[in-house]
K.L.:
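Next up is a structure, given as structure tokens.
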Amino acid sequence: DQQVKQNSPSLSVQEGRISILNCDYTNSMFDYFLWYKKYPAEGPTFLISISSIKDKNEDGRFTVFLNKSAKHLSLHIVPSQPGDSAVYFCAASVEYGNKLVFGAGTILRVKS
Amino acid sequence: ETGVTQTPRHLVMGMTNKKSLKCEQHLGHNAMYWYKQSAKKPLELMFVYNFKEQTENNSVPSRFSPECPNSSHLFLHLHTLQPEDSALYLCASSQRGMNYGYTFGSGTRLTVV
């Protein structure tokens with residue numbers, strides 16, 4: 001049973017528009033949520049995180065929203081750029097810096 | 001070198017071979033991990049090492065054998081693998097208790113023939 005789910009395998013967005021990637025989780029003990037970005041032939045790289053005491057965290061063009069009651073988080077990228085085209089993984093953990101559980105990833109394609 | 005380094009980047013092995021994957025981190029982290037990434041599946045946690053002690057084996061078959069000689073190095077020894085074990089194997093490190101997330105290596109693309 002997957003504890004972290006990314007139900008959209010892929011998303012296609014026009015350059016300059018908003019990209020919204022979604023993630024749902026089932027384990028209410030998760031306290032810390034992260035998004036990773038992965039290019040082909042590279043390992044995932046950390047993008048942005050949020051702890052359960054917050055509902056929003058922003059870093060430049062990237063904003064993560066957390067809805068604990070719905071066990072849902074989302075990543076907003078605005079404006080989207082062609083270089084944002086990658087696989088985005090949602091991840092969660094019970095403890096900082098330990099044992100992340102990942103979703104299956106969403107392939108984002110930003111068209112110019 | 002900085003970050004997390006994995007070697008080799010690509011590996012093709014027969015089902016009767018024995019090979020090892022190597023991971024090295026230069027970040028001073030105290031936890032290291034092996035993950036498996038198969039196509040269209042979540043990253044699957046295989047093993048967790050904290051302060052070079054194995055703290056988790058996520059029901060991984062015994063044909064995968066991890067080794068952590070010190071907090072900077074992690075190996076995954078492979079023997080008598082199956083074709084379905086072909087995947088991208090990712091090593092990561094982290095500092096437990098700190099909200100930095102993981103730092104991943106670039107992975108080893110393993111093909112079992």
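Each chain gets a letter, A, B and so on, in the order the sequences are listed, and its residues count up from 1.
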K.L.:
Does anything in residues 102-112 of chain A get under 4.5 Å of chain B by heavy atoms, and if so which residues?
P.N.:
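The stretch touches chain B at A/Phe102, A/Gly103, A/Ala104.
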K.L.:
Is the backbone of A/Thr63 close enough, under 3.5 Å, to the side chain of A/Lys56 for a donor and an acceptor to pair up by distance?
P.N.:
no
K.L.:
Counting only heavy atoms closer than 4.5 Å, note whether B/Arg9 contacts chain A via side chain, backbone, both or neither.
P.N.:
side chain
K.L.:
Any carboxylate oxygen within less than 4.0 angstrom of a Lys/Arg side-chain nitrogen, looking at A/Asp55 and A/Lys68?
P.N.:
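Not counted as a salt bridge, because no side-chain N and carboxylate O are separated by less than 4.0 Å.
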K.L.:
Which atoms of B/Gln37 come close to chain A, meaning under 4.5 Å heavy atom to heavy atom: side chain ones, backbone ones, both, or neither?
P.N.:
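Side chain of B/Gln37 only, per the 4.5 Å heavy-atom cut-off to chain A.
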K.L.:
Please classify the contact of B/Leu43 with chain A as side chain, backbone, both or neither, using a heavy-atom distance under 4.5 Å.
P.N.:
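Both parts, backbone and side chain.
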K.L.:
Go through the atoms of A/Phe89 and report whether side chain, backbone, both or neither lie under 4.5 Å from a heavy atom of chain B.
P.N.:
side chain
K.L.:
Starting from the C-alpha separation in whole Å, work towards a yes-or-no answer on side chain to side chain contact (heavy atoms under 4.5 Å, CB included) for B/Trp34 and B/Cys23.
P.N.:
CA-CA 9 Å; B/Trp34 281 116; B/Cys23 176; 4.0 Å; yes
K.L.:
Counting only non-hydrogen atoms closer than 4.5 Å, does A/Pro9 touch chain B with its backbone (N, CA, C, O), its side chain (CB onward), both, or neither?
P.N.:
neither
K.L.:
So if I apply the ring pair (Phe, Tyr, Trp, His ring centres under 6.0 Å) rule between B/Tyr33 and each of B/Phe47, B/Phe104, B/Tyr102, which one comes out positive?
P.N.:
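Checked B/Phe47, B/Phe104, B/Tyr102 against B/Tyr33; only one passes ring pair (Phe, Tyr, Trp, His ring centres under 6.0 Å): B/Tyr102.
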K.L.:
Using a 4.5 Å cut-off on heavy atoms from C-beta on, say whether the side chain of A/Pro44 contacts that of B/Leu90.
P.N.:
yes
K.L.:
Are the ring centres of A/His76 and A/Phe65 closer than 6.0 Å?
P.N.:
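For A/His76 and A/Phe65, the ring centres are under 6.0 Å apart.
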K.L.:
When you compare the side chain of B/Leu11 with that of B/Thr111, does any pair of heavy atoms fall below 4.5 Å?
P.N.:
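No, every pair of side-chain atoms sits at 4.5 Å or beyond.
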K.L.:
Any donor-acceptor pair under 3.5 Å linking the side-chain atoms of B/Ser94 with those of B/His29?
P.N.:
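Result is no, nothing qualifies.
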